[in-house]
Protein chains: 2
Amino acid sequence: MREQEAPGKSLSDNGRMHPAERSTNAFGGLSLEHSSTVDRVADELRRAVFEGELESGTPLREVALAESLGVSRQTLREGLALLVAEGLATREPNRGVSVARPDPDSVRDVSRARTVLETAGVRHWPNASEEARQAVRRALAEYERAVAAGATYQELNQRHLAIHLSLVGLTESPRLVAMAESVVAELRLALAQIDRVRRNAQDQAGSHRHLLDLLESSDVDGAATELAAHLGGAEAAILERLDLD
Amino acid sequence: MREQEAPGKSLSDNGRMHPAERSTNAFGGLSLEHSSTVDRVADELRRAVFEGELESGTPLREVALAESLGVSRQTLREGLALLVAEGLATREPNRGVSVARPDPDSVRDVSRARTVLETAGVRHWPNASEEARQAVRRALAEYERAVAAGATYQELNQRHLAIHLSLVGLTESPRLVAMAESVVAELRLALAQIDRVRRNAQDQAGSHRHLLDLLESSDVDGAATELAAHLGGAEAAILERLDLD
DNA sequence: TCGAACACGATTGTCCGACAATCTGACAAC
DNA sequence: GTTGTCAGATTGTCGGACAATCGTGTTCGA
């Protein structure tokens with residue numbers, strides 16, 4: 001390794017595991033973060049995309065980016081491959097990678113996919129572990145707190161999506177959660193592109209609070225329909241704002 | 001490009017699109033496969049894994065593999081990254097990539113994930129396009145034909161899984177199908193490992209035929225429970241055989 | 001004048017060689 | 001038996017190189 005830069009933490013460890021994390025001996029609480037350069041590159045690119053710094057469709061030139069990030073072209077390439085695999089960028093052979101461009105079709109598809117995943121989570125509420133349920137309550141509470149505190153657009157957005165991820169977490173399936181994370185990432189990209197200029201995150205605490213209340217009272221079907229309505233509304237809102245570009 | 005080897009076709013194009021594929025002009029039926037070296041490397045690795053040539057846990061040494069495939073280490077590395085992203089291999093920092101090892105937990109998780117995805121497809125049958133429904137009928141018919149013809153273990157396996165993929169196709173969501181493909185790939189890996197020695201694919205045409213009959217008669221709920229039972233059985237069978245290794 | 005052929009710069013895909021960091025296992029030292 | 005040390009193997013990352021391809025502007029011939 002030649003250099004160490006600012007460490008970033010990624011939500012998804014792409015299939016990597018470290019020896020230190022697999023044993024459960026006397027030193028269970030200890031762990032060390034081995035962030036590779038590729039990971040840090042990918043993190044930085046994701047950040048830039050989510051932050052709206054990179055407009056959708058922008059070509060990500062390899063030499064320029066590598067130089068700008070202070071890494072070799074090969075390393076940057078692996079980072080780009082990660083972004084492409086996550087759907088945040090697209091690659092056209094011999095023409096390079098560019099920031100994904102959310103078109104109406106993909107927005108609809110993302111909406112459909114998350115509906116399936118989140119509905120599965122909601123319907124699993126009665127069988128879910130107390131831990132998973134608690135995660136939903138916590139995510140909602142933190143979102144409400146952020147709303148009350150008048151947090152930034154970025155934070156509100158992230159906490160809002162965290163609620164939806166916690167719903168998928170009710171399935172207790174790591175793979176389903178990973179899929180949801182990927183889908184949500186695409187959603188974040190679309191939101192970032194839409195709100196590149198004016199970033200107005202409206203308060204949606206009420207809807208989610210209502211959803212959780214239905215779940216707490218074991219009204220799973222009611223919660224499912226409430227969720228469907230919420231997601232449908234979100235899709236419509238995005239499509240509408242996407243239309244006037 | 002320095003060399004061209006035997007072309008292989010991959011089911012999933014990882015975010016790549018080529019100009020020749022996106023337009024629908026007078027020459028709609030024409031297309032050209034621009035398979036990059038990396039794609040061919042990944043294809044070959046997948047084949048070897050599915051074929052059972054590589055036992056799970058086998059370390060995939062970069063220099064040796066690159067030499068054996070006649071590609072550079074960088075290129076091989078990108079191919080390995082694809083496998084890792086698909087869950088067919090795992091990477092441990094500074095220790096390299098090795099063929100994924102299907103443990104009971106991951107088998108259960110894969111089963112849960114595919115249950116969610118395929119159930120969503122089945123429940124979408126009434127709203128699905130005629131094209132999607134036809135794909136299910138076709139997949140089943142081809143499986144039955146393969147069974148009758150006494151096809152190889154490999155072909156039977158693939159056609160069987162194709163049926164399940166076609167069920168997810170009923171959702172008409174490319175992303176959900178892509179997720180299902182990834183999950184099914186992991187399943188294929190598990191099956192390949194289990195049946196590495198004795199490869200006995202039992203005839204499961206009856207169960208699937210019954211499922212389709214229920215769908216054709218619009219008994220979606222019945223089909224969903226039938227599917228759940230089928231998947232539960234498959235999971236149990238795999239776990240049982242996985243136990244005695 | 002206009003379309004086809006050509007030339008040229010930019011960029012990607014792939015290769016090669018290099019080397020520090022890390023892991024593994026053996027072996028010596030305490 | 002535990003700890004320290006050392007050599008070999010392997011990965012992570014770098015830099016440079018070059019053919020293939022793309023985009024574009026230019027030239028040429030009808």
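In what follows, every chain begins at residue 1, and chains take the letters A, B, ... in the order their sequences are listed. As the structure is a computational prediction, the values presented were derived from the model and not from experiment. Excluded from the calculations below are hydrogen atoms, water molecules and symmetry mates; all remaining heavy atoms, backbone and side chain alike, are included.
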Looking at [X] and [Y], does any basic side-chain N land under 4.0 Å from a carboxylate oxygen?
X: R159(A); Y: E155(A); result: yes
X: R40(A); Y: E44(A); result: no
X: D109(B); Y: R112(B); result: no

Any residue meeting side-chain contact (heavy atoms from CB on, under 4.5 Å) with E62(B), in chain and number order, not counting sequence neighbours: R73(B), L76(B), R77(B), L80(B), R91(B)

Taking the minimum atom-to-atom distance to the side chain of [X], which one of [options] wins?
X: E62(B); options: dT13(D), dC22(D), dG12(D); answer: dG12(D)
X: T37(B); options: dT13(D), dC23(C), dT14(C); answer: dT14(C)
X: R73(B); options: dG12(D), dA17(D), dC16(C); answer: dG12(D)
X: S72(B); options: dC15(C), dG13(C), dT13(D); answer: dC15(C)

Measure from [atom1] on [X] to [atom2] on [N] and round the result to the nearest Å.
X: E78(A); N: dC14(D); atom1: CD; atom2: C1'; value: 12 Å
X: L76(B); N: dC16(C); atom1: CG; atom2: C1'; value: 15 Å
X: R77(B); N: dT10(D); atom1: CZ; atom2: P; value: 14 Å
X: L65(B); N: dT10(D); atom1: CG; atom2: C1'; value: 13 Å
X: R91(A); N: dT11(C); atom1: CZ; atom2: P; value: 16 Å
X: N94(B); N: dT10(D); atom1: CG; atom2: P; value: 14 Å
X: R95(A); N: dA20(D); atom1: CZ; atom2: P; value: 20 Å
X: L69(B); N: dT14(C); atom1: CG; atom2: P; value: 14 Å

H124(B): partners by ring-ring contact (aromatic ring centres under 6.0 Å, His included), with sequence neighbours left out: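 Scan of H124(B) (ring-ring contact (aromatic ring centres under 6.0 Å, His included), adjacent residues dropped) gives none.
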
When we call it a touch if two heavy atoms are under 4.0 Å apart, what does R61(A) touch: a base, just sugar-phosphate, or nothing?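 Touches sugar-phosphate only.
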
May I ask you to verify if any side-chain N or O of T75(B) is less than 4.0 angstrom from the OP1 or OP2 atom of dC15(C)?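 T75(B) to dC15(C) OP1/OP2: side-chain N or O found under 4.0 Å.
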
If each of G96(A) and Q74(A) is mapped to the nucleotide of DNA chain C with the nearest heavy atom, which maps nearer the 5' terminus, i.e. the 5' end? G96(A)

